[in-house]
Amino acid sequence: MTLAGISVDPTKNNRAMVDKLLLPFPLLGHPEGRVIKEWGVWSDGDGGIAKPSIFAIKSDGSIAWEYVGSDYADRPTDDELFNSLRGGG
């Protein structure tokens with residue numbers, strides 16, 4: 001399994017966030033936000049921002065699991081996330 005994050009923030013900001021949070025995965029920059037918009041997680045509120053979202057993508061490109069929060073604080077618990085990735089949720 002490969003893990004990566006995608007953000008509409010500039011690459012420089014993402015690099016700083018990875019360093020600050022000690023993330024064990026890369027945070028990729030996608031300033032145009034095309035994928036975020038296509039997957040329905042773009043919000044025009046607050047001047048345009050992505051909803052906090054997690055997608056587990058299978059090797060064939062299909063979505064195995066997804067979580068889309070309603071605002072910046074709405075995120076799955078660690079247990080919800082890890083159980084879903086193990087196939088338990």
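Scope of the values below: all heavy atoms of this structure, side chains included, with no hydrogens, waters or symmetry mates. Everything numeric here is computed off the predicted structure, so don't read it as measured data.
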Q: Could you walk me through whether F55 and W39 pass the side-chain contact (heavy atoms from CB on, under 4.5 Å) test, one step at a time?
A: CA-CA 10 Å; F55 292 88; W39 288 8; 3.6 Å; yes
Q: Give the intermediate values and the outcome of side-chain contact (heavy atoms from CB on, under 4.5 Å) for residues V35 and H30.
A: CA-CA 8 Å; V35 171; H30 188 37; 3.8 Å; yes
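- A single hydrophobic cluster is not seen to contain both I6 and L23; linkage of ILVMFWY side chains at heavy-atom distances under 4.5 Å, directly or through other members, places them apart.
- Side-chain heavy atoms closer than 4.5 Å link hydrophobic residues (I, L, V, M, F, W, Y) into clusters, and following such links, possibly through other members, connects F25 to L21.
- In this structure, OG in S7 is found 7.0 Å from CD1 in I36, a value given to the nearest 0.5 Å.
- Pairing each heavy atom of K37 with each of E32, the nearest pair is NZ-O, 3.8 Å.
- Between T77 and D79, the side chains place no donor N or O within less than 3.5 Å of an acceptor N or O (distance only, hydrogens not considered).
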Q: Step by step, work out the side-chain contact (heavy atoms from CB on, under 4.5 Å) result for V68 and E66.
A: CA-CA 7 Å; V68 179; E66 69 180 86; 3.9 Å; yes
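- Panel note: side chain S53, backbone K51; a donor-acceptor pair is recorded below 3.5 Å.
- With contacts defined as side-chain heavy-atom distances shorter than 4.5 Å, the pair I54/P76 qualifies.
- The hydrophobic clustering, which links ILVMFWY residues whose side-chain heavy atoms are closer than 4.5 Å, places Y67 and I63 apart.
- A distance of 7.5 Å separates CG of L27 from CG of D9, quoted to the nearest 0.5 Å.
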